[in-house]
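The structure appears below as structure tokens.
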Amino acid sequence: MQKLAIQMTGVVKRFKQHEVLKGLNLAVPERSIFAFLGNNGEGKSTAIRLMLGLLHPDQGTIQILGRDIARERKYILQQTGCLVEAPSAYPNLTAREFLRIACTLKALPRSEIDRVLEIVGLTADGRRRIAQFSLGMKQRLALAHALVGSPKLLILDEPGNGLDPVGMQEIRGLIASLPNASNCTVLISSHQLDEVEKIATHVALLKEGRVQFQSEMATLYAQQDGYLTLTVDDAVSAQRVLIETLLDQVFDVTITSAQSLRVDRIPQELAYRVNACLIKADLRLHQSIFEKPTLEQWFHQTTQEVQFTPRRAA
Ligand SMILES: Nc1ncnc2c1ncn2[C@@H]1O[C@H](COP(=O)(O)OP(=O)(O)OP(=O)(O)O)[C@@H](O)[C@H]1O
């Protein structure tokens, strides 16, 4: 059985009368890059604070790296790095002074400061005060802080905050390399779904206090219907033929221009039948592209409870 880096079972968390987590079950496999998603206020940060032992659950159990956070928090925090907010709280410290605190707590030599500063591209700025840093530099420093001690588990809340496109690409590459290079599991909570999609191996969706959906990314894509974009000579005729011929199949067929159509909510295995149907009717088909919804499209469909399942054409 696959080992889990994070296992939350039946976790309930209330703030006075407000029950934020209502029996959360979460299983994060070791060495995964795990996207932890949900709309604002669904409880992602609360769940992360519980994982780090900053809050205590009202019910349920939380195992991190195979150990109980309630009993072995010190061990767990030594093995865990987290980026929860940029280090604006320490404006008068230099970057090196800020990192030295983490090195001291983890009993690591100063060479560790050089190592993590280099990873995030801040070597030349180590002696500058954090107050002089841009937002993106603060974010890089926060990531350097999380990387101190080569943690086995990295928890990142909005790691892309304030990064420019080049910085984003660098940090994305770094995160993607961690499972293989450092045997590290990465949990990312972010609303930048296009970025998350590029590196995540697993995904969970938090809604109304529970994990509504959880799977490998590959399984999520395999389960999704997609859409087909067709380029033809005559879109009106093509639409008529498709609706007449495939009436009992299940398509939404929309004309998008005089020469193009879109067939929505279609399983991949039926895409070839659409192409065959047009060719059989002697209609010229110039291009047929099948695509799956992006993570962002899936997120909107799922959180708005719009079913992305095939529908009968009118
Ligand atoms: N210390 C607290 N006291 C009272 N309510 C809280 C506390 N912390 C969080 N909440 C409430 O819990 C709910 C979930 O908040 P949380 O910050 O965990 O959501 P989130 O999913 O991380 O949101 P976002 O995507 O905006 O960061 C919100 O309604 C919030 O107001």
Side-chain angles (χ1 to χ4, degrees), residues 5-28 32-64 69-70 73 76-77 80-89 135-136 138-140 142-143 145-146 153-163 168 171-172 175 185-200 202-215 217 220 294-305:
I6 301 172
Q7 185 169 28
M8 300 179 81
T9 310
V11 170
V12 173
K13 181 65 195 171
R14 294 181 205 98
F15 294 109
K16 296 193 176 147
Q17 305 305 317
H18 183 187
E19 195 168 71
V20 176
L21 301 179
K22 301 176 180 174
L24 182 88
N25 296 314
L26 185 72
V28 177
S32 59
I33 297 181
F34 196 98
F36 189 44
L37 309 180
N39 278 323
N40 291 134
E42 293 288 3
K44 301 177 297 296
S45 301
T46 301
I48 287 174
R49 283 153 71 203
L50 287 162
M51 288 169 202
L52 295 169
L54 297 169
L55 290 173
H56 302 293
D58 293 302
Q59 281 173 44
T61 57
I62 303 171
Q63 300 261 319
I64 307 290
I69 187 72
R73 181 165 184 249
I76 290 168
L77 292 187
T80 303
C82 69
L83 188 166
V84 176
E85 55 189 29
S88 309
L135 183 59
K138 285 181 188 158
Q139 196 69 2
R140 284 167 186 262
L143 187 60
H145 187 265
L153 172 64
L154 197 56
I155 296 178
L156 306 175
D157 201 351
E158 291 295 356
N161 260 357
L163 294 180
M168 186 76 85
I171 298 300
R172 190 198 318 132
I175 294 171
T185 306
V186 187
L187 179 119
I188 304 178
S189 172
S190 176
H191 297 292
Q192 291 178 299
L193 300 185
D194 55 334
E195 282 299 324
V196 169
E197 182 170 28
K198 290 175 185 145
I199 51 174
H202 293 68
V203 60
L205 180 67
L206 189 56
K207 195 172 176 207
E208 290 165 9
R210 295 190 178 85
V211 170
Q212 189 190 17
F213 180 92
Q214 176 168 318
S215 92
M217 288 292 286
L220 170 71
T294 62
L295 184 65
E296 186 157 4
Q297 287 166 329
W298 169 81
F299 179 86
H300 289 305
Q301 284 151 11
T302 310
T303 53
Q304 288 159 23
E305 292 185 335

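Order of appearance sets the numbers: ligands from 1, and atoms from 1 within every ligand.
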Taking Arg73 for the side chain and Leu52 for the main chain, is one N or O donor matched with an acceptor at less than 3.5 Å?
yes

Side chain to side chain donor-acceptor pair (under 3.5 Å) pairs, two or more places apart, involving residues 38-51
Asn40-His191, Ser45-Asp157

So among Ile69, Val12, Ile62, which one has a side-chain contact (heavy atoms from CB on, under 4.5 Å) with Pro57?
Ile62

Check for a donor-acceptor pair, side chain of Lys13 on one end and backbone N or O of His56 on the other, with a separation under 3.5 Å.
yes

Is the backbone of Leu295 close enough, under 3.5 Å, to the side chain of Glu197 for a donor and an acceptor to pair up by distance?
yes

Please round to the nearest 0.5 Å and tell me the distance separating atom CD1 of Ile155 and atom OG of Ser189.
10.5 Å

Pairs under 3.5 Å, nitrogen or oxygen of ligand 1 with protein nitrogen or oxygen:
unit_1: ligand 1; atom_1: 18 (O); unit_2: Ser45; atom_2: N; d: 3.4
unit_1: ligand 1; atom_1: 18 (O); unit_2: Thr46; atom_2: N; d: 2.9
unit_1: ligand 1; atom_1: 18 (O); unit_2: Thr46; atom_2: OG1; d: 2.6
unit_1: ligand 1; atom_1: 19 (O); unit_2: Gly43; atom_2: N; d: 3.2
unit_1: ligand 1; atom_1: 21 (O); unit_2: Glu42; atom_2: N; d: 3.2
unit_1: ligand 1; atom_1: 21 (O); unit_2: Gly43; atom_2: N; d: 2.9
unit_1: ligand 1; atom_1: 21 (O); unit_2: Lys44; atom_2: N; d: 2.9
unit_1: ligand 1; atom_1: 21 (O); unit_2: Lys44; atom_2: NZ; d: 2.8
unit_1: ligand 1; atom_1: 22 (O); unit_2: Ser45; atom_2: N; d: 2.8
unit_1: ligand 1; atom_1: 22 (O); unit_2: Ser45; atom_2: OG; d: 2.7
unit_1: ligand 1; atom_1: 23 (O); unit_2: Gly41; atom_2: N; d: 2.8
unit_1: ligand 1; atom_1: 25 (O); unit_2: Asn40; atom_2: ND2; d: 3.2
unit_1: ligand 1; atom_1: 25 (O); unit_2: Lys44; atom_2: NZ; d: 2.7
unit_1: ligand 1; atom_1: 25 (O); unit_2: His191; atom_2: NE2; d: 2.9
unit_1: ligand 1; atom_1: 26 (O); unit_2: Asn40; atom_2: ND2; d: 2.9

